[in-house]
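Report on the structure given below.
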There are 2 protein chains.
Amino acid sequence: MANKEVTIKDVAKLAECSPTTVSRVINNSDHPVSKDTAEKVEAAIEKLNFSPNRIAQGLKSDKSNIIGVIVHDICDSYFAQMVKGIEEFISGHEYIVNIYNTSRSVEKELYAVSMLKANRADAVVFAGGALMDKEYEKKMYSIVEQLKGQGTVLLGVTPHPFDINNISLGNKKAAAIIADYLVENGHRKIAFIDGPEKLYTSYLRREGLKESLLKHDLDLEDELIFPGDFSFEGGRKAALKLLDKIDEITAVVGANDATALGLIWELNNQGIKVPSDISVVGIDDLPEAKYSYPPLTTISLPIHQLGTNIGKYLLESLTSDQITDLINIEMQLIKRKSVKKLG
Amino acid sequence: MANKEVTIKDVAKLAECSPTTVSRVINNSDHPVSKDTAEKVEAAIEKLNFSPNRIAQGLKSDKSNIIGVIVHDICDSYFAQMVKGIEEFISGHEYIVNIYNTSRSVEKELYAVSMLKANRADAVVFAGGALMDKEYEKKMYSIVEQLKGQGTVLLGVTPHPFDINNISLGNKKAAAIIADYLVENGHRKIAFIDGPEKLYTSYLRREGLKESLLKHDLDLEDELIFPGDFSFEGGRKAALKLLDKIDEITAVVGANDATALGLIWELNNQGIKVPSDISVVGIDDLPEAKYSYPPLTTISLPIHQLGTNIGKYLLESLTSDQITDLINIEMQLIKRKSVKKLG
DNA sequence: TTGTAAGCGTTATCAC
DNA sequence: GTGATAACGCTTACAA
């Protein structure tokens, strides 16, 4: 910007009419405009390469056309998929998709939300899971309420500790399905590579596994829960720590696919065969999950489709008055080659 | 938005002063304000949870605080890295990072740019390579000129066919380094898996390889150039086509890492050993390149750092008057295990 | 069918 | 130190 901008006035002057008329033309207003003037206006717009200043329109209409998307890490395939889905749907409808990477830092989450508030975002998607942190909960609660006061459409993926519409991803259920499947295949001693410590999603997946195992009278022992961080590297490191207990266990569940993939890689690297020596399962079904050695058995959460659903939901909430459908995500156990059936 | 927004007037009323004074406080203006009133204003801001409407500020100051980033596909690790780098730097400075996925479609590229124009973006990064397409060149040229007229800061990664500041990634040089290395290792018959057809980056990498091979009196034969699309899947498909010629060639260059990785995977899958049966090289050095079987020899382009450099450059161009440094990217041959030294 | 004027929330200019 | 007022580019009553 900064330089000289073509405004509605310039168009009006060239078309020899008032700015009002120009406005009516560009907005296809139902207020009548004679064909003659309309054509003159169109011609002027064309000639001047005019496009209405959406900032100004936004100020007037009390809409920013900004949709904030808060993720933990766009380099994580999981988030990239989701963001892409959202963007596909939303950005084609003249919205600005504004992303924030927070690295699961409380500070950055708060920063993102305050920016979004200051920019009067029309909608905000909390695409990353909630943080289990007192400060996060308290301050987020407050600012989210302010956002609501502004009329912002809010949507969370997985539960969040403030009062917004949350899409359930069925994290507990996913882990439960895995537990059942593993037990069904004769596994009794199962280890778990955890997700990020403060992340609620980690908690849900861990507890889901624990609870379901308990139903089979099995324990997820504390010393078989290894720390992780939802990353490939985290999975690799966990594999190294797992080595000590490798003879005690027959299967490992990674808190997500990235973890499971890193796990498999390092296990292979250490000469341990998957699944003959040990079985591995993940959650997410990332595109790369089918290309590991062996291909990863996992739970598919259709993340990209979730993204487009989110986009659709937002668009409906923002523009139409009809009640929008709930968003349902169907998960599915994808049986590939990383689990062995035990005698 | 839509509901009731807290404005500077509300703050003024509560602090018993004029909006002007409030404005001076929130902007740390050098215009004097008594300590007393300043405190009352601060208190009122606190109490009302006021944050200035950046849309309105933008209208006034002729700045949108929007930085557009146009990529081909955010799910592509290459772009995810770059966007993350840009976002890290930029978004912390109160800018809105607005991304567009264009899937290398002329239409979507144009759409993105016109949106960015309408939103009076302060800066636009053409993060994806240029398309080799007449319509793209012509229409882009026109709208880019309009953007320039608005004072938008423009930056291209790799050359673009319109007059903007472009960062050279050294695509030709990267391919040349690979050619030299392969020849040095005794390879004479080399195949190439191409990138997307209309993409200028593909052209550069292909020509770089061709030219450098020629210096060694070697030919990159047309029938040894296989189509690809910069994706893992594309690499896999190419591997299948390559099978026919497998006995003629000793090495394959993937136009990027994703391609090379897909190639290696499918080659393994077909029982062909890398590098003992055939050598494979990529370009980019994605994080995942070191985890293939065998780890991929490639050229490292520090994409994430490039992203932060871009962020820095934009910020400087936008805010400071001092001349900004050029952005230099150092490439490097990363020798891993996918190339065999021939007799 | 067209146009005038007020106002969206902010800030720069110019008084006082 | 403080505050009216106009203006940014646009839209929306309200007139004509």
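A note on names: the letters A, B, ... follow the listed sequences, proteins ahead of strands, and every chain is numbered from 1. Nothing here was measured: the structure is a model prediction, and the numbers come from that model.
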Task: Under 4.0 angstrom between A/T21 side-chain N/O and C/dT2 OP1 or OP2 - done: no
Open item on the list: Looking at B/K148 and B/D163, is there a salt bridge between them, counting it only when a charged N and a carboxylate O are closer than 4.0 Å?
Closed with: yes
Task: Test item: side-chain donor near acceptor, A/Q146 and A/K117, under 3.5 Å - done: yes
Open item on the list: Base contacts versus sugar-phosphate-only contacts with protein, heavy atoms under 4.0 Å: please encode nucleotides 10-16 of chain D as B, S and - from 5' to 3'.
Closed with: BBBB---
Open item on the list: Could you check whether any side-chain heavy atom of A/L131 comes within less than 4.5 Å of a side-chain heavy atom of A/Y200, counting everything from C-beta outward?
Closed with: no
- [ ] Would you mind reading off the distance between B/E16 atom CD and D/dT2 atom C1', rounded to a whole angstrom?
- [x] 14 Å
Open item on the list: Considering only residues two or more places apart or on different chains, which pairs with a residue in residues 21-46 of chain B satisfy salt bridge (charged side-chain N to carboxylate O under 4.0 Å, His left out)?
Closed with: B/E16-B/K40
TODO: Specify the separation, in whole Å, of atom CG of A/L59 and atom C1' of C/dT11.
DONE: 13 Å
- [ ] Report yes if at least one side-chain N or O of A/T37 is closer than 4.0 Å to OP1 or OP2 of C/dT2; otherwise report no.
- [x] yes
Task: Aromatic ring pairing B/F162/B/Y136, orientation class (parallel under 30°, perpendicular over 60°, tilted between) - done: tilted
Open item on the list: Would you say that B/N101 contacts A/E88 through its side chain, given a criterion of any heavy-atom pair below 4.5 Å between the two side chains?
Closed with: no
Task: Gap between atoms NZ and C1', on A/K40 and C/dT1 respectively (whole Å) - done: 13 Å
TODO: Specify the separation, in whole Å, of atom CG of A/D62 and atom C1' of C/dT10.
DONE: 14 Å
